[in-house]
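Every chain is numbered from 1 and lettered A, B, ... according to where its sequence line falls, protein lines coming before strand lines.
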4 protein chains.
Amino acid sequence: MAQVGGIAGEHLRSLIERIERLEEERGGIASDIRDVYAEGKAAGFDVKIMRQVVRLRKMEKADRDEQEALLDLYRHAIGMDMEPAATAAE
Amino acid sequence: MAQVGGIAGEHLRSLIERIERLEEERGGIASDIRDVYAEGKAAGFDVKIMRQVVRLRKMEKADRDEQEALLDLYRHAIGMDMEPAATAAE
Amino acid sequence: MAQVGGIAGEHLRSLIERIERLEEERGGIASDIRDVYAEGKAAGFDVKIMRQVVRLRKMEKADRDEQEALLDLYRHAIGMDMEPAATAAE
Amino acid sequence: MAQVGGIAGEHLRSLIERIERLEEERGGIASDIRDVYAEGKAAGFDVKIMRQVVRLRKMEKADRDEQEALLDLYRHAIGMDMEPAATAAE
DNA sequence: CTGCCATTTTACCGGC
DNA sequence: GCCGGTAAAATGGCAG
């Protein structure tokens with residue numbers, strides 16, 4: 001791995017900067033989320049409850065995804081996992 | 001606030017969905033960040049060190065921001081926080 | 001784990017009480033801190049600024065600690081973390 | 001408030017340092033608390049539940065204190081708030 | 001699977 | 001007395 005400040009250092013720097021850029025983006029979105037909660041609050045909704053609703057729906061979605069994954073497993077197990085032949089899928 | 005399912009319910013639903021959309025985006029970016037770390041690891045860098053570097057740089061930036069905030073506080077405290085009157089400021 | 005009220009229950013109770021005692025102490029110190037801020041305010045200092053100063057100094061210390069931690073990581077990474085052999089270290 | 005670095009500066013510095021000392025103490029106690037939880041965990045207790053117990057007892061204590069405060073209020077209101085004469089108080 | 005770290009949530013404190 | 005913001009706690013997620 002070359003000398004310090006060499007080609008590896010450049011690569012590392014590049015990776016770090018990409019990460020920092022992404023974290024910045026993520027921070028911006030987090031800020032947007034806070035804004036939406038604030039908007040809800042201003043409209044008279046209870047922020048704490050809004051958070052609970054979001055969390056609950058997330059769990060429900062995870063449940064559904066798990067169910068689906070389980071179904072897929074079964075389908076594979078009994079050889080029903082091929083692509084549907086000539087249907088305009090969904 | 002109308003009845004359940006009324007106009008307020010619509011608003012709430014809209015807010016919730018915007019939040020969910022944003023959280024999804026945020027999750028995607030978090031995933032991208034993980035990918036970059038994985039890329040660094042594959043290139044032979046120590047992920048733990050990468051994280052430490054990122055953390056340190058973040059703290060240094062925060063330090064600078066706080067320094068500035070402190071200066072602002074001082075300015076306010078001694079009444080130097082008014083808009084500059086007739087300077088070509090900026 | 002025995003029956004409720006058994007030996008385990010005694011142990012748990014003891015732990016809980018130790019925690020409660022410690023939290024009480026901690027609360028007392030928090031109160032002392034508030035007193036010092038109040039004293040500063042009474043002496044004409046701006047509490048907000050005092051807090052900012054404390055926060056900034058804390059961050060600067062954390063920075064230094066992280067620098068050191070990073071150095072340690074580097075040392076480990078390049079195998080320089082062994083005990084010095086024949087030095088009167090320490 | 002004298003010049004910067006003057007007597008006021010000394011006072012401020014002193015206050016800041018007292019606060020930092022106290023915060024350090026507080027941090028030490030927080031660390032002790034973590035240790036006790038860890039000890040509980042090692043003994044097979046569920047830390048999350050331990051925390052709930054502590055929180056619950058704190059609330060119950062707050063309730064009792066409030067009841068007591070209310071009783072005191074009543075006592076004062078009806079002139080029963082004098083020191084007990086010749087009892088080994090409590 | 002365990003311990004660590006980041007994020008989220010809760011509680012506190014000062015200001016209005 | 002309430003609200004807003006700031007610091008601490010706690011939970012959840014990720015790497016090792």
Side-chain angles (χ1 to χ4, degrees), chain A residues 19 22-23 26-27 29-31 33-34 37-38 41-42 46-55 58-59 62, chain B residues 19 22-23 26-27 29-38 40-42 45-56 58-59 62 65-66 69-70 73 76-77, chain C residues 19 22-23 26-27 29-38 40-42 45-59 62 66 69 73 76-77, chain D residues 19-20 22-23 26-38 41-42 44 46-56 58-59 62:
Chain A
I19 290 165
L22 287 166
E23 290 201 344
R26 188 178 51 174
I29 293 177
S31 168
I33 292 174
R34 277 195 299 278
Y37 278 115
K41 178 175 190 159
D46 184 317
V47 172
K48 200 165 172 179
I49 290 180
M50 287 178 71
R51 289 189 187 278
Q52 282 178 330
V53 170
V54 169
R55 198 190 310 173
K58 204 180 296 179
M59 289 173 65
Chain B
I19 289 164
L22 287 166
E23 290 201 343
R26 190 178 50 174
I29 292 176
S31 167
D32 291 346
I33 291 174
R34 257 177 280 129
D35 289 348
V36 180
Y37 278 115
K41 181 176 189 156
F45 295 112
D46 184 320
V47 172
K48 200 166 174 183
I49 289 180
M50 289 178 69
R51 287 189 183 277
Q52 192 86 349
V53 170
V54 169
R55 175 145 31 115
L56 185 59
K58 202 182 297 177
M59 291 178 73
D65 291 351
E66 292 286 282
L70 187 56
L73 278 180
H76 281 81
Chain C
I19 289 164
L22 287 166
E23 290 201 343
R26 189 179 49 176
I29 292 177
S31 168
D32 291 346
I33 291 174
R34 254 177 283 128
D35 289 348
V36 180
Y37 278 115
K41 180 175 188 156
F45 297 111
D46 184 320
V47 172
K48 201 167 174 181
I49 289 179
M50 290 178 70
R51 287 189 183 278
Q52 191 85 350
V53 170
V54 170
R55 174 147 31 116
L56 186 58
R57 285 167 59 111
K58 201 181 298 178
M59 291 177 73
E66 292 285 284
L73 277 181
H76 282 81
Chain D
I19 289 165
E20 286 174 341
L22 288 166
E23 290 200 343
R26 188 178 50 173
I29 293 177
S31 167
D32 291 347
I33 292 174
R34 276 194 300 277
D35 289 349
V36 180
Y37 279 116
K41 177 175 189 160
D46 184 319
V47 172
K48 200 166 173 177
I49 289 179
M50 288 178 71
R51 289 187 186 278
Q52 281 176 331
V53 170
V54 170
R55 198 189 311 173
L56 184 60
K58 202 180 298 178
M59 288 173 65

Non-hydrogen side-chain atoms of [X] and [Y] separated by less than 4.5 Å:
X: Glu23(D); Y: Ile19(D); answer: yes
X: Gln52(B); Y: Leu56(B); answer: no
X: Val54(B); Y: Tyr37(B); answer: yes
X: Asp46(C); Y: His76(B); answer: no

Send over the distance from [X] [atom1] to [N] [atom2], rounded to a whole Å.
X: Ile29(B); N: dT7(E); atom1: CD1; atom2: P; value: 12 Å
X: Glu23(B); N: dG12(F); atom1: CD; atom2: P; value: 15 Å
X: Phe45(C); N: dG14(E); atom1: CZ; atom2: C1'; value: 19 Å
X: Ile49(C); N: dC13(E); atom1: CD1; atom2: P; value: 21 Å
X: Gln52(C); N: dG5(F); atom1: CD; atom2: P; value: 15 Å
X: Leu22(A); N: dA6(E); atom1: CG; atom2: C1'; value: 16 Å
X: Lys48(C); N: dG5(F); atom1: NZ; atom2: P; value: 10 Å
X: Ile33(A); N: dT8(E); atom1: CD1; atom2: P; value: 7 Å

Exercise. Nearest of dT6(F), dA9(F), dA6(E) to any side-chain atom of Arg26(C)?
Worked result: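 Closest nucleotide among those given: dA9(F).
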Does [X] make a side-chain N or O approach to OP1 or OP2 of [N] shorter than 4.0 Å?
X: Arg51(C); N: dG14(E); answer: yes
X: Lys41(B); N: dG16(F); answer: yes
X: Arg34(C); N: dC12(E); answer: no
X: Arg55(C); N: dA7(F); answer: yes

Problem set entry | Interatomic spacing from CG in Leu73(B) to CZ in Arg51(C) - rounded to 0.5 Å |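 CZ of Arg51(C) is found 12.5 Å from CG of Leu73(B).
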Seminar exercise, completed: On DNA chain E, more 5' by nearest nucleotide between Asp46(C) and Lys58(B) is Lys58(B)
